[in-house]
2 protein chains.
Amino acid sequence: MSKRNAILEVATQLFSKNGYKETSMAELSLLTGAARGTIFHHFKNKEDIFLNILKNVQENILSSFQQHKETTAYNNGMEMVEGVTVYYLNLAGVMEDQFLLLHRHYPYQMAETNPICRSYLESVYNCLLDIFEEGISIGIKDGSVKVKSARNTAMVLFAMVDGVVRLNTYSLYHAGSLYNELMASCRSILSSEHGTTSVTLNDSKELN
Amino acid sequence: MSKRNAILEVATQLFSKNGYKETSMAELSLLTGAARGTIFHHFKNKEDIFLNILKNVQENILSSFQQHKETTAYNNGMEMVEGVTVYYLNLAGVMEDQFLLLHRHYPYQMAETNPICRSYLESVYNCLLDIFEEGISIGIKDGSVKVKSARNTAMVLFAMVDGVVRLNTYSLYHAGSLYNELMASCRSILSSEHGTTSVTLNDSKELN
DNA sequence: TAATCAACCGAATGATCGGTCGGTTTTTTA
DNA sequence: TAAAAAACCGACCGATCATTCGGTTGATTA
């Protein structure tokens with residue numbers, strides 16, 4: 001493998017497992033066998049390495065879901081959302097490092113000042129939310145899904161699925177056994193007959 | 001305010017907004033008006049500051065929910081879970097810094113080697129999951145909630161609610177308008193008639 | 001009032017950080 | 001095969017890091 005790819009691969013692991021600031025060029029040099037100077041020959045600076053990694057993450061996730069959509073057929077919208085959820089869980093396992101990187105705060109912090117970083121992140125989240133939304137929209141039309149807003153439900157659904165993945169990465173609980181409950185919850189949300197009106201508990205209906 | 005409290009307060013903001021490693025003692029000194037030496041007079045080292053903050057976070061969250069339980073009555077389990085959810089959303093707004101700190105990776109990284117840190121985190125999550133589980137268990141008994149496993153459902157529910165809070169902190173989307181969908185999804189999950197058997201989509205039923 | 005002690009200060013320290021640079025080796029190209 | 005280009009190296013640099021330390025101040029106590 002080329003030194004450049006080795007650097008990107010090791011850096012992905014270090015950035016995701018230990019964090020960006022917590023990863024030193026010395027450590028990266030040691031684990032790749034590339035001299036310090038070599039790293040800066042291939043990349044402008046540390047941030048450039050991070051952006052290249054994030055670019056790979058974005059491309060991997062987008063192409064994975066693209067391929068999934070092209071190679072999988074569903075009977076209705078509900079089954080599509082279920083399939084996408086399962087595929088997401090699988091991907092979070094296969095691309096563990098990349099997903100962990102997306103679950104760290106550093107990318108979003110960098111996104112506040114770096115528009116390229118922000119575009120990568122937006123691209124990823126738009127892709128994920130779009131595919132959930134698409135399934136829901138199809139489901140609403142074919143009658144397999146009953147919800148008010150396709151986009152908002154997609155966001156809540158995504159927050160739930162992604163939240164379980166996160167819960168797993170914090171090694172406080174073994175969330176691996178939540179698969180059945182997660183899928184059941186997914187179906188419950190989508191086949192809901194509940195309205196959105198009867199809540200009278202509190203006046204702060206806006207998360208701030 | 002005493003210098004010690006000022007240090008803890010400012011450090012909470014800096015650690016949560018910018019991160020642990022990204023916060024220097026120089027910055028902390030500047031923003032508190034306390035000299036570098038003064039900080040190390042009050043705290044053994046940087047990690048000690050972090051642990052003191054985490055201790056405060058744990059105590060605040062536990063006492064908040066303790067007070068909530070003592071001062072609020074519900075007609076049934078379903079309403080209790082709804083109430084707890086709303087209370088959680090409120091608290092995430094009121095204690096924004098503390099929740100952001102819990103949503104960073106550093107605490108969980110430290111927890112892997114520091115048992116005190118780990119105990120604080122476990123205490124927080126046990127408290128949160130317990131109160132969700134309690135509502136679900138009561139709901140199962142009184143018939144307002146229909147799910148298989150109270151604990152597992154509590155975890156999925158928590159993952160969803162907390163996931164929406166997270167989605168809000170990443171400033172990619174304005175998740176503040178998801179309140180209605182979130183509460184509707186909460187009710188849907190709890191009043192589910194769905195089983196957990198009909199999934200045949202994939203052989204990887206374990207998140208890894 | 002003398003002694004004690006905690007709060008407070010900021011210059012100094014050694015380690016580590018990201019990044020540079022001049023030079024060597026290897027590969028590609030003409 | 002000669003020249004040009006790309007890959008690679010590690011000593012070196014200035015900046016920044018957490019932490020230390022000798023000393024001052026202000027309140028409490030004996």
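Order of the sequence lines sets the chain letters (A, B, ...), proteins ahead of strands, with each chain counted from 1.
Summarising the geometry of B:Ile140 relative to B:Ala150, their closest heavy-atom pair is CD1-CB, 4.4 Å, with the distance given to 0.1 Å.
Regarding contacts with the backbone of D:dA7, a side-chain N or O of A:His41 is found under 4.0 angstrom from either OP1 or OP2. Within the 4.0 Å cut-off from OP1 or OP2 of D:dA18, at least one side-chain nitrogen or oxygen of B:Lys46 is found. Regarding contacts with the backbone of C:dC17, a side-chain N or O of A:Ser24 is found under 4.0 angstrom from either OP1 or OP2. Proximity of A:Lys21 to the phosphate of C:dG18: no side-chain N or O atom is located under 4.0 Å from OP1 or OP2. Here B:Lys3 reaches the OP1 or OP2 of C:dC9: one of its side-chain N or O atoms lies under 4.0 Å away. Contact between the side-chain N/O atoms of A:His42 and the OP1/OP2 oxygens of D:dC8 is found at a separation under 4.0 Å.
Place A:Glu22 and A:Gly37 on DNA chain C by their nearest nucleotides, and A:Glu22 ends up nearer the 5' end.
The residue A:Thr32 sits apart from the nucleic acid: no heavy atom pair falls under 4.0 Å. Among the protein residues, B:Thr38 comes within range of the nucleic acid bases, having at least one heavy atom under 4.0 Å from a base atom. Across all strands, B:Thr23 comes closer than 4.0 Å only to sugar-phosphate atoms, never to a base (heavy-atom distances).
The distance from atom CG of A:Asn45 to atom P of D:dC13 is 22 Å, rounded to the nearest whole Å. The distance between atom CG of B:Leu28 and atom C1' of D:dT19, rounded to the nearest whole Å, is 14 Å. Atom CE of B:Met25 and atom P of C:dG10 are 15 Å apart (whole Å). Atom P of nucleotide C:dG18 and atom CD1 of A:Ile49 are separated by 9 Å, given to the nearest angstrom. In this structure, A:Leu14 places its CG atom 12 Å from P of C:dC17, rounding to the nearest Å. Between the CD1 atom of A:Ile7 and the C1' atom of D:dA6 there is a distance of 14 Å, given to the nearest Å. Taking atom CG of B:Asp48 as the reference point, atom P of D:dT20 lies 12 Å away to the nearest angstrom. Straight-line distance from the OH atom of B:Tyr20 to the P atom of D:dC17: 14 Å, rounded to whole Å.
How far CG of B:Asn52 is from CD1 of B:Ile49: 8.5 Å, rounded to the nearest 0.5 Å.
Between A:Phe158 and A:Tyr125, the ring-plane angle classifies as perpendicular under the 30° and 60° cut-offs.
Looking at the side chain of B:Phe40, the nearest of the listed nucleotides D:dA18, C:dG18, D:dG10 is D:dA18.
With hydrogens and angles ignored, a donor-acceptor pair closer than 3.5 Å exists between the side chain of B:Arg36 and the base of D:dT19.
Cation-pi geometry between A:Lys55 and A:Tyr120 is not met: the NZ or CZ atom fails to fall both under 6.0 Å from the ring centre and inside 45° of the normal. Figure legend: cation-pi geometry between A:Lys21 and A:Tyr106 absent, as NZ or CZ is not positioned both under 6.0 Å from the six-membered ring centre and within 45° of its axis.
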